[in-house]
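Okay, structure first, notes after.
Sequential numbering from 1 along the given sequence is applied to the chain's residues. Here the structure is a predicted model, which is why all the values come from computation and not from measurement.
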Amino acid sequence: AESSRAGAALASLGLAALGLAGLRRAVQRRRASLVGMRAKKSMINEKGMPPVNERWYTRRRWQERFSKERYANFKDSDDWLDYVSKELYQDGKKMHFKSKHFTLPIPWAASEMGTGVPPMPNPGAGRGSFHKYDDPQYIRKYLDPAKFRKLQIPDWEMPANADKVVTLQEMMAAGMQYGHCTEVWSPEMLRYLYADFDGGHIFDLVQTAACLNRACYYVMEAAALGAEFLFIGTKEQAGPITEKVAKRVGAHYAHRRYVKGSITNLKEAIKNIEIMGELEQEKEQGKWTGQEKIDRERQLTNFIRDYEGITNMTRIPDLVIMVDEAFERDAVVECKKVGLPIISLCDSNNKLKYIDLPVPGNATGTASIELFLEKISDAIARGQVLKAATQPGDQKIAKKQYDPWLFSRDRIKQLTTRWQRKPWMKTVWGSWEQWKMYNPFGRIGPVIEFQGESMNWTPQEFIKRCSNIK
């Protein structure tokens, strides 16, 4: 019995040893596969590897492409070699565009498309169902491009002999110099601060006057070119003043609540405005009774609160004027997406990353807000008077223009040079300087293709389309 027990124990130990050995071999095989996978992965972007354009598989792809071009477009090898040497490798460098943003045709000019593409979807139009009206970048590039480039403002300067619109005495009387308490502030506003006094920041009114004069001259020039303005001031102190000055100059405004998507999703906002108009007509005709009347009146009240100031806004405005960037940050983000220039009264706790013409000052007091908006509206009114006094043939027209830098991921350069030099730039391109030379506009995202009908019509198609025009 004892011998049988000992044999059973030895057998169990042998089986356990075999099981452990098998498990060890399985683990070793798994580790080996993982090591192999890591080695394969590291070989792609290994630190000492040459750039992509000098690797063997890139050269092979180039050779295949060149051979296809050779057989398709050239008669013999001499013509093909002459083309390669003169066009592709001129001065020892191959020049090409990194993104299709630079090469795709932009068919929004009236001279290229006859009547042009309608800015909003029209069921009766032939191309209304093709375009991506939900994409603000698509609208900004193809259908309704900007008239005033956001990136031209930093290099723009007002004339030295321009009239000054504000004085230090006016700003002192309005309390423009007072900022927030010292515990609540933004380091970006440091250059506009003069001192801190009694627990609060004090603005440098000399800089404030210079910024306000510059902003007023810019909006005057824009108004003389026929720009459309959008005033945003939903704070309790700024709401009534915003409504008053916007109605004075015939601009759009949001004084109670800014609805998200009013700029980036204007199509849906226009739909809600149409529903609001239908509800107003039904109310005048007295179609509602009972509980339906209560519900419809509540719905109409909400629509009026949200869309009262933008009922006539059928396209993206050209300039946005707002009060307190920290309070209107949703609108700032939307303006950044479509490249809208922003003029804002910025308090000491605001961020200036996306503000093009900041006016540092008290954005809480009613008197300072009124001073800022009154000066801006006066400048807009002067520009409108200048436009009306000019003959139609002599008026300057702000041409539509597309800036690919607005869609670059590196447009906001808040990073230092140290953090702009990414490791993958050296791995792929050889050095940061080499990447910068071939990517002057930074990292540009994927391009949006034009979704309208093709402009390459045959003569028969052209005659057919012209015959349908009423």
Side-chain angles (χ1 to χ4, degrees), residues 108-110 116-121 133 136-137 139-153 156 215-234 242-255 258-259 261-270 272-273 306-323 328 331-332 334-344 354-357 373 375-390 392 395-403 406:
W108 41 255
V117 176
M120 282 290 107
Y133 292 101
Q137 291 189 359
I139 293 177
R140 208 56 170 162
K141 179 173 182 179
Y142 295 112
L143 307 184
D144 191 17
K147 295 181 181 178
F148 303 91
R149 287 186 179 181
K150 189 179 179 73
L151 295 178
Q152 286 180 343
I153 297 179
W156 173 85
C216 289
Y217 194 87
Y218 186 83
V219 298
M220 183 185 69
E221 285 190 339
L225 294 174
E228 292 187 13
F229 298 91
L230 173 63
F231 285 81
I232 302 177
T234 58
T242 302
E243 182 183 9
K244 181 182 69 174
V245 299
K247 287 183 177 179
R248 174 190 167 193
V249 296
H252 314 295
Y253 62 93
H255 68 295
Y258 176 79
V259 182
S262 298
I263 295 175
T264 56
N265 197 9
L266 184 58
K267 181 185 72 171
E268 297 299 326
I270 291 177
N272 293 334
I273 292 171
D306 297 340
Y307 302 106
E308 181 183 5
I310 60 172
T311 53
N312 299 322
M313 192 170 73
T314 58
R315 58 178 295 272
I316 299 175
D318 299 313
L319 292 172
V320 174
I321 300 166
M322 64 176 57
V323 176
E328 312 293 350
V332 172
E334 293 189 16
C335 293
K336 185 263 297 185
K337 288 182 180 179
V338 298
L340 270 182
I342 303 176
I343 301 170
S344 175
Y354 303 119
I355 307 300
D356 300 281
L357 288 172
L373 293 178
K375 296 298 182 183
I376 293 290
S377 62
D378 291 342
I380 294 175
R382 286 196 299 271
Q384 293 174 349
V385 170
L386 291 175
K387 181 182 178 182
T390 308
Q395 291 180 0
K396 294 182 179 180
I397 300 175
K399 297 182 179 179
K400 296 180 179 181
Q401 48 191 341
Y402 168 66
D403 189 359
L406 294 177

Apply side chain to side chain contact (heavy atoms under 4.5 Å, CB included) to Met322 and Val332, showing your working. CA-CA 9 Å; Met322 64 176 57; Val332 172; 3.6 Å; yes

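The side chain to side chain donor-acceptor pair (under 3.5 Å) search around Asn265 returns none, not counting sequence neighbours. Residues that satisfy the salt bridge (Lys or Arg N to Asp or Glu O under 4.0 Å) test with Lys247, not counting sequence neighbours, are Glu243. Annotation: salt bridge (Lys or Arg N to Asp or Glu O under 4.0 Å) contacts of Lys147 (sequence neighbours excluded): none. Partners of Gln395 by side chain to side chain donor-acceptor pair (under 3.5 Å), not counting sequence neighbours: none found. Contacts of Thr264 classified as side chain to side chain donor-acceptor pair (under 3.5 Å), with partners at least two apart in sequence or in another chain: none.
Taking CG from Asn312 and CD from Glu228, the interatomic distance works out to 10.0 Å, rounded to the nearest 0.5 Å. Between the CD1 atom of Ile343 and the CD1 atom of Ile355 there is a distance of 10.0 Å, given to the nearest 0.5 Å. Considering CG of Leu340 and CG of Asp356, their distance stands at 9.5 Å, rounded to 0.5 Å. The structure places SG of Cys335 at 5.5 Å from CD1 of Ile232, a figure rounded to the nearest 0.5 Å. A distance of 10.5 Å separates CD1 of Ile310 from OH of Tyr253, quoted to the nearest 0.5 Å. Here CG of Leu230 is found 11.5 Å from CD1 of Ile316. Values are rounded to the nearest 0.5 Å.
Residue pairs meeting the side chain to side chain donor-acceptor pair (under 3.5 Å) criterion with at least one member in residues 376-389, sequence neighbours excluded, are Arg248-Ser377, Arg248-Asp378.
Scanning both residues, Ile376 and Ala215, for their nearest heavy atoms gives CD1-CB, 4.2 Å. Among all heavy-atom pairs drawn from Val249 and Ala381, the shortest one is CG1-N, 4.3 Å.
In this structure, the side chains of Glu328 and Thr234 come closer than 4.5 Å at one or more pairs of heavy atoms. At a threshold of 4.5 Å between non-hydrogen side-chain atoms, the residues Asn272 and Val259 do not count as touching. Side-chain contact between Pro341 and Leu357 is absent, with no heavy-atom pair separated by less than 4.5 Å. Taking 4.5 Å as the limit, every side-chain heavy atom of Ile321 sits out of range of all side-chain heavy atoms of Ser344. With a 4.5 Å cut-off on side-chain heavy atoms, Phe231 and Ile380 count as touching.
For Glu334 (side chain) and Gly261 (main-chain N/O), a donor-acceptor pair under 3.5 Å exists by modelled atom type. Looking at Thr311, its side chain never comes within 3.5 Å of a backbone N or O of Tyr307 through a donor-acceptor pair.
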